[in-house]
Amino acid sequence: MALNLNPNLSEAGKRYFSAYSPGDDFYELLIGAHLDLSDEQSELLNARLILLLANHIGDIATLREALAVAREGVQA
Amino acid sequence: MLKTYTYPKYEYRTPPEIAAGKTLKVPVVIVGAGPVGLGMALDLDLQGIPVLLLDEDDTVSIGSRGVCYAKRALEILDRYGVGEAVCAKGVSWNVGRTFFRESEVYNFNLVPEPDHHRPGMVNLQQYYLEEYLVTRAAARPGIDLRWKNKVVSVTQAATGVSLTVETPDGLYAVEADWLITADGARSPIRRMLGLEVEGKIFMDRFLIADVVMKADFPAERWFWFDPPFHPNQSVLLHKQTDSVFRIDFQLGWDADPEEEKKPENVIPRIKAMLGDQREFELEWVSVYTFQCRRMGRFNHGRVLFVGDAAHQVSPFGARGANSGLQDADNLGWKLKLVMDGKAPERLLDSYSEERVYAADENLMNSTRSTDFITPKSRASRTFRNAALSLAKDHAFGRSLVNSGRLSVPSFLVDSSLNTPDEDPFAGRMLPGAPMDDAPVEKDGAPGWLLQSTGNRFQLMVFVDDPATADISALSQLDVGGIAVEPLLISRVAASACALPCVHDVRGIAAKRYDAKPGSVYLIRPDQHVAARWRSFDAAKLRAAVARATCQQ
Ligand SMILES: Cc1cc2nc3c(=O)[nH]c(=O)nc-3n(C[C@H](O)[C@H](O)[C@H](O)COP(=O)(O)OP(=O)(O)OC[C@H]3O[C@@H](n4cnc5c(N)ncnc54)[C@H](O)[C@@H]3O)c2cc1C
């Protein structure tokens with residue numbers, strides 16, 4: 001499974017009339033999940049989320065690719 | 001006084017009721033001649049309802065307000081007779097550039113989908129829009145437009161509304177069967193009636209500057225996140241008509257509006273942004289805070305709320321006037337049917353139901369944009385910056401970057417006025433959808449589908465050849481006094497057709513509506529789909545019209 005870098009979000013049973021809607025739906029959920037958390041708590045939430053999603057994806061080759069793409073944009 | 005525009009001063013005339021000492025009795029009064037009140041008056045005029053339109057001022061919108069009018073608003077303005085003027089004077093733009101810190105992360109080209117009459121949006125200063133609407137309204141004998149007429153009190157009874165109006169020559173009284181409140185965000189009438197509006201204010205301030213560029217500058221939309229010339233904030237640059245550019249600087253909550261507005265503070269900001277060489281002149285500067293809020297419902301007995309009086313959004317996504325015009329579009333025909341006794345007053349509940357649904361969609365989208373542009377927490381800022389940094393190279397990152405979403409009309413798919421599909425159809429013209437336009441010919445002349453629709457119920461009947469249409473079954477369709485006018489959409493040119501007919505020359509209408517020969521669409525007067533079937537059935541049509549008008 002190659003890493004998908006095209007817009008890929010959607011929810012079953014939901015009809016979208018604008019291309020931006022599914023991405024915006026998700027982004028709102030994501031930011032909403034951090035409501036009322038301290039910076040440290042937010043960091044923990046993000047870490048837990050990454051672990052959950054990684055396990056769901058399962059394929060380590062894909063995760064390796066994602067890690068590389070993520071790291072490209074962050075200089076040490 | 002602006003350099004590029006002279007505000008018209010409209011003539012105040014002494015109301016005859018003052019000298020006569022008489023109460024003015026009218027069927028409908030609209031308070032507020034902003035874009036929405038003016039549009040509302042023109043809508044009711046198309047329905048044949050005489051209107052009294054009152055405004056406390058005697059000119060158009062002053063300073064920097066609406067800029068961007070989207071496709072659906074332009075189509076409604078076409079119905080009101082000012083779409084052409086707005087599109088001719090307005091500027092179109094397709095290229096948008098998004099910058100993050102020092103560099104451009106991506107750009108997009110919103111090439112309009114071909115084969116629509118109107119583009120996705122045009123940019124035009126609000127005063128031009130209002131001026132064109134005023135000119136149109138003033139030419140309509142059914143519209144009594146009175147400047148310098150301020151409503152100072154209102155009381156509502158079961159069958160009407162009483163108002164006191166203040167003018168330079170004193171007070172007079174108005175009694176109306178219906179009051180349409182279009183008096184803007186502060187809505188004095190809403191307050192006089194003790195009605196609430198709920199929502200939140202964004203804890204942020206924006207410096208809005210209109211500047212005249214001396215040099216050529218591209219007709220593009222530029223959006224900066226965290227630029228070096230204005231760290232940690234956002235900046236938007238937008239072209240309007242007459243070489244006037246709109247610049248929005250996010251200032252943060254702690255900024256002092258009076259200080260920020262001073263030219264000696266504004267000019268250096270703009271210079272830093274343009275890189276000093278380009279010459280410009282300030283046209284207008286103001287500092288705004290924005291609210292996101294709406295009333296619980298938009299109809300209260302004989303009082304109906306439209307536009308900013310009913311709902312307010314932040315300007316990211318340009319939804320204020322755009323959605324207000326859609327309120328007028330939705331309300332006009334419903335009020336006409338109720339006033340004529342052809343539909344129960346309940347139909348006006350559907351005005352509130354449908355426009356509250358649309359307002360919530362607008363509030364949601366503009367809140368999302370605002371939250372992306374001005375993150376409220378460190379986590380939120382980190383995600384925003386991450387999305388921006390991914391946007392440079394990856395399509396999915398670009399889809400998450402939200403610098404304001406273009407205003408698009410709501411698909412009223414949950415409306416109680418819709419008749420649910422029983423036949424399968426593909427595409428997006430489902431019950432509740434705002435009609436898609438398509439190029440068609442009428443009597444051999446090229447035109448547009450939307451130009452042949454609107455203001456009355458219609459049944460679009462798709463045919464291969466008009467000669468095959470069942471003329472007797474389709475003429476004189478009438479449901480409880482409501483006429484349904486047939487409109488044949490034909491694949492071949494019809495020379496002499498007994499029914500109204502357009503020629504779908506390239507088959508684009510049939511494609512957009514997923515129509516086969518025999519497919520029929522019931523269209524509301526506001527150009528929304530109410531029902532559709534694969535074949536015509538008089539009993540089903542009758543039931544659908546009854547449902548769309550609350551006759552059941
Ligand atoms: C910076 C900025 C940018 C914006 N950009 C956009 C955009 O790009 N696109 C868009 O669609 N919208 C935009 N908007 C929103 C748009 O300006 C408003 O949504 C629009 O003006 C609302 O129209 P309205 O007719 O409901 O109210 P208003 O335009 O506020 O008109 C209300 C009228 O009522 C009159 N009135 C008030 N009280 C009384 C009274 N007691 N008696 C008689 N008359 C009275 C006033 O004189 C006024 O003429 C923007 C707004 C701002 C501030």
Side-chain angles (χ1 to χ4, degrees), chain A residues 1-54 57 62-76, chain B residues 70 72 100 105 108 110 113 120 317 358 361 364-414 427-430 432-434 436:
Chain A
M1 172 166 89
L3 183 65
N4 187 351
L5 292 165
N6 287 312
N8 187 39
L9 296 162
S10 68
E11 187 166 2
K14 208 167 162 188
R15 215 186 153 123
Y16 300 102
F17 298 102
S18 297
Y20 56 73
S21 293
D24 286 1
D25 284 352
F26 165 69
Y27 198 85
E28 182 179 288
L29 278 176
L30 177 65
I31 302 305
H34 288 265
L35 197 70
D36 297 331
L37 297 186
S38 68
D39 293 346
E40 213 163 279
Q41 289 167 324
S42 274
E43 242 174 81
L44 181 60
L45 175 77
N46 283 338
R48 287 168 60 91
L49 187 61
I50 291 166
L51 295 177
L52 282 162
L53 296 176
I57 291 162
T62 307
L63 292 168
R64 189 176 286 121
E65 237 188 292
L67 285 164
V69 171
R71 181 67 199 240
E72 268 166 34
V74 186
Q75 263 80 50
Chain B
R72 182 61 202 153
F100 180 39
V105 275
F108 53 83
L110 293 173
E113 191 190 344
E361 219 171 71
M364 178 185 83
N365 279 304
S366 58
T367 303
R368 286 174 170 182
S369 299
T370 310
D371 285 345
F372 190 92
I373 293 165
T374 64
K376 306 292 178 294
S377 68
R378 192 185 144 119
S380 174
R381 180 174 296 270
T382 305
F383 274 115
R384 186 200 73 178
N385 292 351
L388 283 164
S389 72
L390 286 162
K392 199 173 176 67
D393 296 316
H394 307 298
F396 90 97
R398 292 194 274 283
S399 77
L400 294 175
V401 173
N402 186 345
S403 68
R405 303 297 193 193
L406 179 67
S407 161
V408 288
S410 288
F411 282 66
L412 305 169
V413 288
D414 296 333
R428 47 184 235 155
M429 286 297 98
L430 60 169
D436 260 348

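The structure presented is a predicted model; accordingly, all values stated were derived computationally and were not measured.
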At a heavy-atom separation under 4.5 Å, does [X] approach chain A through its side chain, its backbone, both, or neither?
X: Asp371(B); result: neither
X: Leu406(B); result: backbone
X: Arg428(B); result: both

Task: residues 377-384 of chain B: residues contacting chain A (heavy atom under 4.5 Å, by number) - done: Arg378(B), Ala379(B), Ser380(B), Phe383(B), Arg384(B)
Task: Derivation of the side chain to side chain contact (heavy atoms under 4.5 Å, CB included) call for Asn365(B) and Tyr20(A) - done: CA-CA 10 Å; Asn365(B) 279 304; Tyr20(A) 56 73; 3.8 Å; yes
- [ ] Could you walk me through whether Asp24(A) and Arg405(B) pass side chain to side chain contact (heavy atoms under 4.5 Å, CB included), step by step?
- [x] CA-CA 10 Å; Asp24(A) 286 1; Arg405(B) 303 297 193 193; 2.7 Å; yes
Task: Glu72(A) CD to Asp393(B) CG distance, which is reported to the nearest 0.5 Å - done: 7.0 Å
Task: Residues from residues 33-44 of chain A approaching chain B under 4.5 Å (heavy atoms) - done: His34(A), Asp39(A), Ser42(A)
Open item on the list: At a 4.5 Å cut-off on heavy atoms, which part of Phe17(A) comes close to chain B: side chain, backbone, both, or neither?
Closed with: both
Open item on the list: Using heavy-atom distances under 4.5 Å, tell me whether Leu5(A) contacts chain B through its side chain, its backbone, both, or neither.
Closed with: both
- [ ] Count the heavy-atom pairs under 4.5 Å between each of Val74(A), Val69(A), Asp25(A) and chain B, then report the option with the highest count.
- [x] Asp25(A)
TODO: Would you name the heavy atoms of Asn6(A) and Ala395(B) that are closest together and state the gap between them?
DONE: OD1-CB, 3.5 Å
- [ ] Inspect the surroundings of CZ in Arg15(A) and state if more than 12 heavy atoms from other residues, nucleotides or ligands are less than 6.0 Å away.
- [x] yes
